[in-house]
Amino acid sequence: MSDQTTPAPDPRVIERAEAAVAAATRAVVNTEAKAAAAADVLADAADAVSVAETKVEDFRGEDTKLPWQIAAAEADLAKKKRAHARAQARHAATAEKVAAAEEMLTEARAELAQARVTPAEPIPDDAGMPPGAPPEVVAWVEKLTRYLESQERDDSMWCPQWQEHPEAVWRFTALHREFEISFQDDTMSSWWVNHFDRHAPFLFGRTGIFQACETTHDPDRTFRFARRA
């Protein structure tokens with residue numbers, strides 16, 4: 001009998017899948033509300049056309065109506081029909097959005113169901129350790145550090161060879177990833193407060209990662225903890 005047990009599902013994957021289902025559910029509710037509003041507008045437009053058509057018929061059948069009155073009624077009918085056509089187009093568009101949102105919700109629910117039964121991938125011993133700073137992170141750090149006025153203090157530290165400090169690579173890579181997310185989501189204030197400000201003391205502080213590089217680069221200090229073993 002084997003002693004190996006099947007790994008449990010990854011709670012982080014399940015959490016992301018649940019968030020996706022919640023977001024898709026909100027999208028369905030929102031699009032359904034818009035579709036209902038569009039249906040009401042379409043119904044009102046149809047009623048307006050019906051009234052205008054009756055008015056034109058009545059005017060045409062009355063000998064007392066002058067030509068300009070009939071023409072005005074016909075023009076009003078044409079206007080109501082154009083409004084009805086626009087309402088039909090909007091209603092059709094919202095119906096398509098509802099269908100798309102429902103499809104996304106179905107897919108999200110399927111992914112959640114799969115996440116709840118899929119065993120978590122084993123985590124390697126070196127998981128999360130940076131193999132080196134990717135070129136896009138290097139370029140981003142070089143640009144970032146040119147504009148960091150808040151770090152231009154006597155007690156701030158920096159090492160131009162920061163890529164030789166694994167923890168610095170790790171932190172800057174994480175900051176860059178969150179920066180891209182915040183930039184896309186228009187939540188840059190949150191990035192500064194909840195990400196940059198929390199990493200800054202360790203990246204630029206006098207007792208931080210670069211504390212041994214005040215006058216010259218000292219990569220040997222990087223692995224001092226490993227050498228203690």
Side-chain angles (χ1 to χ4, degrees), residues 7-60 69-121 123 128 136-137 140 144 173-199:
D10 191 331
R12 295 168 300 178
V13 175
I14 294 176
E15 183 179 358
R16 288 194 294 270
E18 289 175 338
V21 169
T25 300
R26 290 193 297 271
V28 169
V29 171
N30 291 337
T31 53
E32 285 179 340
K34 291 179 180 178
D40 289 341
V41 172
L42 178 58
D44 292 342
D47 290 342
V49 168
S50 179
V51 171
E53 287 176 337
T54 300
K55 183 177 180 180
V56 169
E57 291 176 2
D58 290 345
F59 276 27
R60 287 172 178 171
Q69 292 176 307
I70 296 175
E74 291 173 340
D76 183 62
L77 173 59
K79 181 179 178 180
K80 295 296 193 296
K81 287 184 176 180
R82 289 194 298 271
H84 181 263
R86 291 193 297 271
Q88 280 184 315
R90 286 194 295 269
H91 182 261
T94 55
E96 291 178 358
K97 290 180 179 180
V98 168
E102 289 176 341
E103 182 177 355
M104 290 181 62
L105 177 57
T106 299
E107 293 175 356
R109 285 171 172 168
E111 291 179 1
L112 174 57
Q114 186 64 36
R116 286 172 171 167
V117 298
T118 300
E121 293 289 336
I123 301 176
E136 62 272 16
V137 174
W140 178 78
L144 175 71
T173 299
L175 277 172
H176 176 254
R177 184 182 302 112
E178 292 299 330
F179 176 90
E180 289 189 323
I181 294 172
S182 296
F183 184 80
Q184 292 294 328
D185 293 345
D186 194 22
T187 56
M188 287 303 301
S189 177
S190 176
W191 179 83
W192 282 105
V193 173
N194 297 317
H195 296 285
F196 178 82
D197 288 351
R198 294 178 182 271
H199 285 280

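Index from 1, following the sequence.
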On a heavy-atom basis, which atom in [X] and which in [Y] lie closest, and how many Å separate them?
{"X": "Glu53", "Y": "Leu77", "value": "CG-CD1, 3.3 Å"}
{"X": "Thr94", "Y": "Ala38", "value": "OG1-CB, 3.7 Å"}
{"X": "Ala24", "Y": "Ala108", "value": "CB-CB, 4.3 Å"}
{"X": "Lys80", "Y": "Val49", "value": "O-CG2, 3.4 Å"}

*With a 4.0 Å cut-off, would you call Glu18 and Arg109 a salt bridge?*
no

*Would Ile181 and Trp191 satisfy side chain to side chain contact (heavy atoms under 4.5 Å, CB included), going step by step from the backbone distance to the final call?*
CA-CA 9 Å; Ile181 294 172; Trp191 179 83; over 6 Å; no

Counting C-beta onward and ignoring hydrogens, is there a side-chain heavy-atom pair between [X] and [Y] closer than 4.5 Å?
{"X": "Ile14", "Y": "Leu112", "value": "yes"}
{"X": "Met188", "Y": "Ser182", "value": "yes"}
{"X": "Lys97", "Y": "Lys34", "value": "no"}
{"X": "Val28", "Y": "Val98", "value": "no"}

Just how far is it from atom [atom1] of [X] to atom [atom2] of [Y], taken to the nearest 0.5 Å?
{"X": "Glu111", "Y": "Met104", "atom1": "CD", "atom2": "CE", "answer": "9.5 Å"}
{"X": "Gln88", "Y": "Arg90", "atom1": "CD", "atom2": "CZ", "answer": "11.0 Å"}
{"X": "Arg198", "Y": "Leu175", "atom1": "CZ", "atom2": "CG", "answer": "12.0 Å"}
{"X": "Glu15", "Y": "Asp10", "atom1": "CD", "atom2": "CG", "answer": "10.0 Å"}
{"X": "Glu178", "Y": "Thr173", "atom1": "CD", "atom2": "OG1", "answer": "12.0 Å"}
{"X": "His84", "Y": "His91", "atom1": "NE2", "atom2": "NE2", "answer": "10.5 Å"}

*Can you name the one residue among Phe196, Trp192, Trp140 that meets ring-ring contact (aromatic ring centres under 6.0 Å, His included) with Phe179?*
Trp140

_Other residues, nucleotides and ligands only: do more than 12 of their heavy atoms fall within 6.0 Å of CG on Asp186?_
no

*Is it true that a side-chain atom of Ser50 and a backbone atom of Ala46 form a donor plus acceptor pair closer than 3.5 Å?*
no

*Is a side-chain donor or acceptor of Asn30 paired with a backbone partner of Arg26 at a separation under 3.5 angstrom?*
yes

